[in-house]
Engineer: 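Would you mind keeping the following structure in view while I ask a few things?
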Amino acid sequence: MDLLAVGIGSVQGAAFAAQFRDRRLDLLGVAIVGIATGFGGGLLRDILLGQVPLALQSNWYLPVATVAALVGMLLQRLVHRLGVTLNILDAVTIGMFGALGTTKALALGLPAVPAVFVGAVAAVGGSILRDLLLNLPIAIMQVGSLYAVAAIVGSATLVVLDALGADVLLAGIVCVAVTFGVRVLALAFHWSLPEQRHLPT
Amino acid sequence: MDLLAVGIGSVQGAAFAAQFRDRRLDLLGVAIVGIATGFGGGLLRDILLGQVPLALQSNWYLPVATVAALVGMLLQRLVHRLGVTLNILDAVTIGMFGALGTTKALALGLPAVPAVFVGAVAAVGGSILRDLLLNLPIAIMQVGSLYAVAAIVGSATLVVLDALGADVLLAGIVCVAVTFGVRVLALAFHWSLPEQRHLPT
Amino acid sequence: MDLLAVGIGSVQGAAFAAQFRDRRLDLLGVAIVGIATGFGGGLLRDILLGQVPLALQSNWYLPVATVAALVGMLLQRLVHRLGVTLNILDAVTIGMFGALGTTKALALGLPAVPAVFVGAVAAVGGSILRDLLLNLPIAIMQVGSLYAVAAIVGSATLVVLDALGADVLLAGIVCVAVTFGVRVLALAFHWSLPEQRHLPT
């Protein structure tokens, strides 16, 4: 399951990078962006939690992410034509990363608020690393369709359920469902956070 | 005290980000920049020291930084009009972050030189993360008013006092005072490091 | 040995940064780029492995990297005239960083594939941090002369030899030789990875 989510992230990261042909990325560059998008979130999560990253404790993550990245690059046009389908798959992916991150943070004894933070970082960290590596403005900081907000709401739901004594698996499934719901509704109805503004002081 | 310093950092980070209206940051983007500026230094400090970040061990840091960031955004004009006052508050802030970082590094057994390094990273790391997230040139690397230098001098003073057997609290207070002094004098007299140059080899 | 490699990295990082005079870097900025290039790879390696960075456990790394960076800045023209010589020295450097990183990862019990990854990050991480700090496109992701590929091939050779029961020191020397060979041959014959492309789906 986790591997599948990493693979979906890598396909998307590479297909995203493939739009920027003026960057003259080579095959390794595409693989790096794919790997960063696919398990960047898990990497940041484990670094914040002071753990050796899970993705470095198995032989499978790196090859899966690399192959997924090269597939994403080759099938770039197909990936972009799949737009909506992929956005829906991706909403499941960020939900899963968020649920895993929040659960792991709670299991390691973090309080509620930082656990939501770690869950959100796990969900959207891959997209942040991707943008940093490509020298692009960080997408989740700009006016958009509640990508990070969905992860925050989902993770917060998990923390609340956990505090109410709910079963871990159940809380995780609700987290994925809430993240998915917020993200898909935001896409469907073009919900977004207001742009920054200031008082006329 | 630490929370207050985080809050001041977040106000400034958000007010700084608010200048770049062409970035189309949304409320979450402003909050992220504020959080990164406010406790980015402590985060980098604890990652370098192999510890779970202090800011993730309490429920208070994230809400304080988020609220401070939104206040900084709303009162952006006021913040910029407060320029000098805020620079002075900020000089106390980097002194405190530097003192805490250096003391923590020494307490964990690091030698003198790396302890100064960790103190300086703790002091200016928030400003580095802020510039990375906003795709801006890293301000402390450019000709400026001894922002990082003040933190390095202050941290080095603390390490020397510690080696001479001074009381931890006293050494910390001197560190804050020295950092504050160097920074404020640099602002007042426009001191700066020379720009890079090279020999005509 | 490790210190020498850090010094060579720092000289190069600073001489590289010195090309960008429009950035108005001051002496501290040059030192930061030099430090990041010189031991950024080791820093990332140890953060991924959940260890306190080796460079922070000794008083020597920071002064060596700083002095090397300032020398690299002052002798910038000489460094650029030394182009080929320095590239050859640098090929030894990335080989050594890769060998140390891979060996350390294996020693801490990481499986084969992540160990190669850690070795490659240790070898080229300095160059990635340098480009991030200077807001430049990440050089190793672009069409170039097998810089990161050489490190990956070298680290993979070490892992294979280790699995075959070879002596650690011998495996390390072969790793340096292979990395060096791939890199120097790539420079000599202008080998590079193909640019990204996609299928006409």
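The basis for the numbers below is simple: all heavy atoms, side chains too, and nothing from hydrogens, waters or symmetry mates. Protein chains get the first letters and strands the later ones, always in sequence-line order, with residue 1 at the start of each. A quick note: this is a predicted structure, and the numbers were derived from the prediction, not measured.
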Engineer: Got a sec, which pairs hit side-chain hydrogen bond (donor to acceptor under 3.5 Å, both in side chains) with one end in residues 90-111 of chain A, sequence neighbours left out?
Structural biologist: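 Counting only pairs at least two positions apart or across chains, the side-chain hydrogen bond (donor to acceptor under 3.5 Å, both in side chains) contacts touching residues 90-111 of chain A are D46(A)-K104(A), D90(A)-Y147(A), T102(A)-S155(A).
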
Engineer: So what's closer than 4.5 Å to chain A heavy atoms on L70(B): side chain, backbone, both or neither?
Structural biologist: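 Nothing of L70(B), per the 4.5 Å heavy-atom cut-off to chain A.
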
Engineer: Applying a criterion of heavy atom separation less than 4.5 Å, what residues of residues 111-141 of chain B form contacts with chain A?
Structural biologist: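 Heavy-atom contacts from residues 111-141 of chain B to chain A are L132(B), L133(B), L134(B), N135(B).
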
Engineer: With heavy-atom distances below 4.5 Å as the criterion, would you say the side chains of L106(A) and V168(A) are in contact?
Structural biologist: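 No, side chains not in contact.
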
Engineer: How far apart are the C-alpha atoms of L89(A) and Q12(A), what are their side-chain angles, what is the distance that settles it, and do they pass the side-chain contact (heavy atoms from CB on, under 4.5 Å) test?
Structural biologist: CA-CA 10 Å; L89(A) 265 181; Q12(A) 280 194 299; over 6 Å; no

Engineer: Pair F16(A), T37(A) - check side-chain contact (heavy atoms from CB on, under 4.5 Å), show working.
Structural biologist: CA-CA 10 Å; F16(A) 179 83; T37(A) 314; over 6 Å; no

Engineer: If you check every heavy atom in residues 156-167 of chain B against those of chain A, which residues fall under 4.5 Å?
Structural biologist: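 Not one residue of residues 156-167 of chain B has a heavy atom under 4.5 Å from chain A.
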
Engineer: Does the side chain of L75(A) reach to within under 4.5 Å of the side chain of V11(A), using non-hydrogen atoms?
Structural biologist: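 In short, these two side chains do not touch, never coming nearer than 4.5 Å.
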
Engineer: Between L27(B), N59(B), V52(B), who has the most heavy-atom pairs with chain A when the cutoff is under 4.5 Å?
Structural biologist: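 Counting heavy-atom pairs under 4.5 Å, the top option is N59(B).
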
Engineer: Quick one: what part of A15(B) sits under 4.5 Å from any heavy atom of chain A, side chain, backbone, both or neither?
Structural biologist: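 For A15(B), no heavy atom lies under 4.5 Å from chain A.
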
Engineer: Using the side-chain contact (heavy atoms from CB on, under 4.5 Å) rule, take I94(A) and F180(A) through it: C-alpha gap first, then chi angles, then the decisive distance, then the call.
Structural biologist: CA-CA 8 Å; I94(A) 55 171; F180(A) 179 82; over 6 Å; no

Engineer: Report which part of L28(B) has an atom under 4.5 Å of a heavy atom belonging to chain A: side chain, backbone, both, or neither.
Structural biologist: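 Its backbone and side chain both get close to chain A.
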
Engineer: Go through the steps for L25(A) and M73(A) under the test side-chain contact (heavy atoms from CB on, under 4.5 Å), then give the verdict.
Structural biologist: CA-CA 11 Å; L25(A) 296 182; M73(A) 177 194 77; over 6 Å; no

Engineer: Does anything in residues 118-129 of chain A form a salt bridge (Lys or Arg N to Asp or Glu O under 4.0 Å)? List the pairs, not counting sequence neighbours.
Structural biologist: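 Applying salt bridge (Lys or Arg N to Asp or Glu O under 4.0 Å) to every pair that reaches into residues 118-129 of chain A, excluding sequence neighbours, yields nothing.
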
Engineer: Should M96(B) and L4(B) count as side-chain neighbours, where that means a heavy-atom distance under 4.5 Å?
Structural biologist: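 M96(B) does not reach L4(B) side chain to side chain.
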
Engineer: Do I35(B) and Y61(B) have side-chain heavy atoms sitting under 4.5 Å apart?
Structural biologist: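 The answer is no, as the side chains (C-beta and beyond) never meet within the 4.5 Å cut-off.
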
Engineer: Could you tell me if the side chain of V6(A) sits less than 4.5 Å from the side chain of F97(A), heavy atoms only?
Structural biologist: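 Contact flag for F97(A)/V6(A) side chains = yes.
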
